[in-house]
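Notes for the one structure printed next.
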Amino acid sequence: MSGRTYLGMPAFPVAAKASTKDERLRANLRHATRTIRDKRARAVGELDDWALLREAGKRIKDHTLRHLDTYLLQLEERVTAAGGTVHWAADAAEANRIVASLVHATGETEVVKVKSMATQEIGLNEALAAEAINAYETDLAELIVQLGDDLPSHILVPAIHRNRGEIRDIFRAQMGRWGRPAPQGLTDRPADLAEAARLHLREKFLRAKVAVSGANFMIAETGTLVVVESEGNGRMCLTLPETLISVVGIEKVLPTWQDLEVFLQLLPRSSTAERMNPYTTMWTGTTTGDGPRDFHLVLLDNGRTDTLADEIGRQVLRCIRCSACLNVCPVYERAGGHAYGSPYPGPIGAVLTPQLRGTTSEVDASLPFASSLCGACYEVCPVAIDIPEVLVHLREQVAAQPGHGAERAAMKAAAWLFDHPAALAAAERAASATRAALPRTLPLGPAKAWTDSRDLPELPAAPFRAWWKQHRTTRQEPAE
Amino acid sequence: MSSRDAVLARIRAALADAPEPEPVVRDYRTAHVRGANVPAKHVPDEYAAVVDLLAENLADYRAHVHRCAEAALPALLARLLAEHGSRSVAVPPGLPQGWLAEAGGVRQHPDEPPLTARELDGFDSVVTTCRLAVAETGTLVLDAGPGQGRRALTLVPDHHICVVHTPDQVVASLPQSLARLDPTRPLTWISGPSATSDIELDRVEGVHGPRTLDVVLLE
């Protein structure tokens, strides 16, 4: 189970070249991202103060990051006072060691998991497997990925690359290997697939003694953790087991309880396009007679402090993992999530992964080039991360690296983009439509020259391709 | 050096030259519906609009919304349990006496001493109160207080009936709700029945939490 990793994945252009030829993958992604894009626009449109909420969200995050040490210490104190235990992990290996030893201490050999980007990032499931501990994913999409021995391709919906027919086939073939098999005659109706997951996982929830989660927010003032979800698998994991271990990136802290009034408006509308997601659980330490008796919080650095040190790159730590930027990205829609070679795909992955992991590998060096800089990601970002600005900044860093590997990766990525007129055309259209919202910020130093000469030209009102399509009266169709 | 000290030292080094960012300004709305900031008893019509919005948003996310007066509640609860085909109902400590008085054919079991998860899985329904409800998002918030029970109680059974006391439990917006809640209590926010968007990003109701959510707005 969960044997696959991103290790050794090819650079973005190589992976994208393969995935753009996968018609089914592209159709699945096109369908899913278009559905959610329209819904998000409606959900955001309901709030006439969205711009003010977005600005407040941005500033709260910037303020928190500027005083991160203070808020983490306050959080540690409050969680401890409320009966929890706080651990600090400098990197993935240390976080995995801490979690494994906590599980071993309970005497258990299996854990149920709430969907968590942090534990994907550190490869926790694989690390636990090496310690003879089975980690069962309980989010529906994560279950699909795990049963299919697959890799996640979207932050919110890791199995977005699978359509209902494929999901039915995976359930039929694999559920029986790990527990209750799929019901006889399982159809591909989404409601039936959800029912199959309910039956399959119920037994695991009822017997689970240990759960592992992440968290969407941590409140320094009160020591409260917040998990936002839809299915109820999160509630099962956070409520039924005796021991709860939460692995959370240090940037997830917020100063005050009141800050949630901003983020609980920004997050659901940006991610699932809902006024509010079906379930949110908030807990502060432990409560006698309600929920786990033991609560452990593992605070994870794993490259975040390096990111924090970068004047331009640190804004990426504002990210609340909503995935709105994936859903609007023309490059993501065509290349698919796997091409990004990390659990963080799409525009945010292209700026987060190279900062967390560095740009020494070819795939990480190529990521800042996996974009046409159309700016749609910045426009939808609920915390106003200027992703194009960071991309340009990272390109400059990669270009300045010694050796030709990085340069090669960059050139290949650029070639990929120009090889894919559809991606570029969509990028141009999106850019024109959002011109007013486009960042015009130019980073300092050599990157300035780069943007001046190449990447952020004045955008024409009607891009060339659109003009060409409109003014071309005859079109030669290929012979049948 | 411990990892704690190392991480803190790295943070401080990373921020050594960082400027103080722009101050946080909370100029967003504290509510979006008209009349939301007026206390209920002073402007009844506007408060009624807030309750209507709650009903509308709950229904939009596939909760079944019912309205009734206190005297009619036992009969309504009995009917909802019967319509769901429930043979057993888990009862949280502090649920007002008499609410289930007319649900004669349904086995009622108090969660005292606490039922195990496996025992809870054998119950068809659970009836609770709530701490408050948020109109603009169609959300119920439970804080494990009297009549609500611990968190598992409203999670494992497949049918949840939640009674909202509308004269004093409905707020318009998220900012208003947070100001009323106690973060030291375990909180569950419920906006419609369990759902997923994991198959082709389309919302489907009903995964692990209660697949049927009945909400009674008590007048």
Side-chain angles (χ1 to χ4, degrees), chain A residues 31-32 35-36 47 49 52-53 56 59-60 62-63 66 68-69 88-90 94 140-141 157 159 163-164 167 190-191 193-194 197-198 201 206 222 224 230-233 235-236 239-240 257-258 260-261 264-265 272 275-284 287 289-291 301 305 308-309, chain B residues 2-4 6-8 10-15 18 20-29 32 57 61 114 117-118 121 134 136-139 144 150-152 155 174-175 178-179 183-204 206-209:
Chain A
H31 171 69
T35 305
I36 197 77
L47 302 184
D49 59 342
L52 301 175
L53 285 165
R59 290 190 186 191
I60 290 168
D62 282 348
H63 167 82
R66 178 61 188 80
L68 192 57
D69 52 339
W88 299 68
E94 186 175 14
L140 179 52
V157 192
N163 64 29
R164 59 187 74 189
I167 295 168
L193 297 171
R198 178 184 174 96
L201 287 174
L206 293 179
T222 60
T224 307
S230 295
E231 297 166 12
N233 65 305
R235 291 178 67 193
M236 293 278 180
T239 310
L240 297 184
W257 176 248
Q258 192 191 359
L260 285 174
E261 73 188 19
L264 288 180
Q265 295 193 74
T272 49
R275 287 181 201 102
M276 187 59 89
N277 50 288
Y279 296 134
T280 297
T281 297
M282 303 182 182
W283 74 98
T284 304
T287 304
D290 191 339
D301 180 349
T305 46
L308 188 65
Chain B
S2 70
S3 288
R4 178 182 184 273
V7 171
L8 288 168
R10 294 177 61 138
I11 291 170
R12 287 168 187 146
L15 294 169
E20 193 61 35
E22 294 169 299
V24 175
V25 178
R26 298 183 191 273
D27 52 359
Y28 47 84
R29 294 182 187 280
H32 297 82
N57 284 336
Y61 284 160
R118 225 167 265 283
D121 195 37
V134 189
E136 286 181 8
T137 56
T139 304
R150 64 207 164 94
R151 287 173 287 171
L155 172 64
L174 263 166
L178 285 161
T184 65
R185 304 186 68 92
L187 299 172
T188 304
W189 299 56
I190 299 170
S191 307
S194 160
T196 181
S197 301
D198 280 356
I199 301 164
E200 301 176 8
L201 270 176
D202 216 359
R203 182 170 162 130
V204 181
V207 198
H208 303 295

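First the proteins, then the strands, lettered A, B, ... as listed; each starts at 1. Every value quoted in this text rests on a predicted model; they were computed, and no experiment measured them. Computed over heavy atoms, backbone and side chain alike; hydrogens, waters and symmetry mates excluded.
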For the [atom1] atom of [X] and the [atom2] atom of [Y], what is their distance to the nearest 0.5 Å?
{"X": "A/Asn163", "Y": "B/Glu200", "atom1": "CG", "atom2": "CD", "result": "5.5 Å"}
{"X": "B/Leu15", "Y": "A/Arg66", "atom1": "CG", "atom2": "CZ", "result": "5.5 Å"}
{"X": "B/Thr188", "Y": "A/Asp290", "atom1": "OG1", "atom2": "CG", "result": "7.5 Å"}
{"X": "B/Leu178", "Y": "A/Glu261", "atom1": "CG", "atom2": "CD", "result": "6.5 Å"}
{"X": "A/Leu47", "Y": "B/Glu136", "atom1": "CG", "atom2": "CD", "result": "7.5 Å"}
{"X": "B/Arg151", "Y": "A/Thr281", "atom1": "CZ", "atom2": "OG1", "result": "6.5 Å"}

Quick one: of [options], who has the most non-hydrogen atom pairs under 4.5 Å with chain A?
{"options": "B/Ala144, B/Gly206, B/Ala195, B/Ser2", "result": "B/Ala195"}
{"options": "B/Pro114, B/Pro175, B/Pro193, B/Ala117", "result": "B/Pro175"}
{"options": "B/Ser197, B/Pro23, B/Gly138", "result": "B/Pro23"}
{"options": "B/Val134, B/Asp27, B/Thr139", "result": "B/Asp27"}
{"options": "B/Arg118, B/Arg4, B/Arg10", "result": "B/Arg4"}

Under the side-chain contact (heavy atoms from CB on, under 4.5 Å) test, residues paired with B/Pro183 that sit two or more places apart: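 Expected list: A/Thr222, A/Thr224, A/Trp257.
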Of all residues at least two apart in sequence or in a different chain, which pass the side-chain contact (heavy atoms from CB on, under 4.5 Å) check with B/Ala179?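 Per chain and number, B/Ala179 pairs via side-chain contact (heavy atoms from CB on, under 4.5 Å) with no residue.
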Give, as side chain, backbone, both or neither, the part of [X] having an atom under 4.5 angstrom from any heavy atom of chain A.
{"X": "B/Pro186", "value": "both"}
{"X": "B/Val207", "value": "both"}
{"X": "B/Arg29", "value": "both"}
{"X": "B/Ala152", "value": "both"}

Among the listed options [options], the residue most often paired with chain B at heavy-atom distances under 4.5 Å:
{"options": "A/Gly232, A/Ala32, A/Ala197", "answer": "A/Ala32"}
{"options": "A/Gly289, A/Ser230, A/Pro278, A/Ala309", "answer": "A/Pro278"}
{"options": "A/Arg164, A/Gln258, A/Arg59", "answer": "A/Arg59"}
{"options": "A/Thr35, A/Ile60, A/Thr272", "answer": "A/Ile60"}

Check: [X] side chain, [Y] main-chain N or O, donor-acceptor pair, under 3.5 Å:
{"X": "B/Asp198", "Y": "A/Ala141", "answer": "yes"}
{"X": "B/Ser194", "Y": "A/Glu231", "answer": "yes"}
{"X": "A/Asp62", "Y": "B/Pro21", "answer": "no"}
{"X": "A/Arg198", "Y": "B/Gly209", "answer": "yes"}
{"X": "B/Tyr61", "Y": "A/Arg275", "answer": "yes"}

Min side-chain heavy-atom separation B/Arg150-A/Thr287 under 4.5 Å: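 No, every pair of side-chain atoms sits at 4.5 Å or beyond.
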What I'd like to find out is whether the side chain of B/Ile199 reaches to under 4.5 Å of the side chain of A/Leu140, using heavy atoms alone.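 Yes, their side chains come closer than 4.5 Å.
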Specify the closest pair of heavy atoms between [X] and [Y], including all atoms of both residues, with the distance to one decimal.
{"X": "A/Met236", "Y": "B/His208", "value": "CE-O, 3.4 Å"}
{"X": "A/Gln265", "Y": "B/Leu174", "value": "CG-CD1, 3.3 Å"}
{"X": "B/Ser191", "Y": "A/Met276", "value": "OG-CG, 3.2 Å"}
{"X": "B/Val204", "Y": "A/Pro190", "value": "CG2-CB, 3.4 Å"}

Under 4.5 Å from a heavy atom of chain B, the part of [X] involved:
{"X": "A/Leu206", "value": "both"}
{"X": "A/His31", "value": "side chain"}
{"X": "A/Ile167", "value": "side chain"}

Is there a side-chain contact (heavy atoms from CB on, under 4.5 Å) between A/His63 and B/Glu20? Walk through the geometry before answering. CA-CA 8 Å; A/His63 167 82; B/Glu20 193 61 35; 4.0 Å; yes
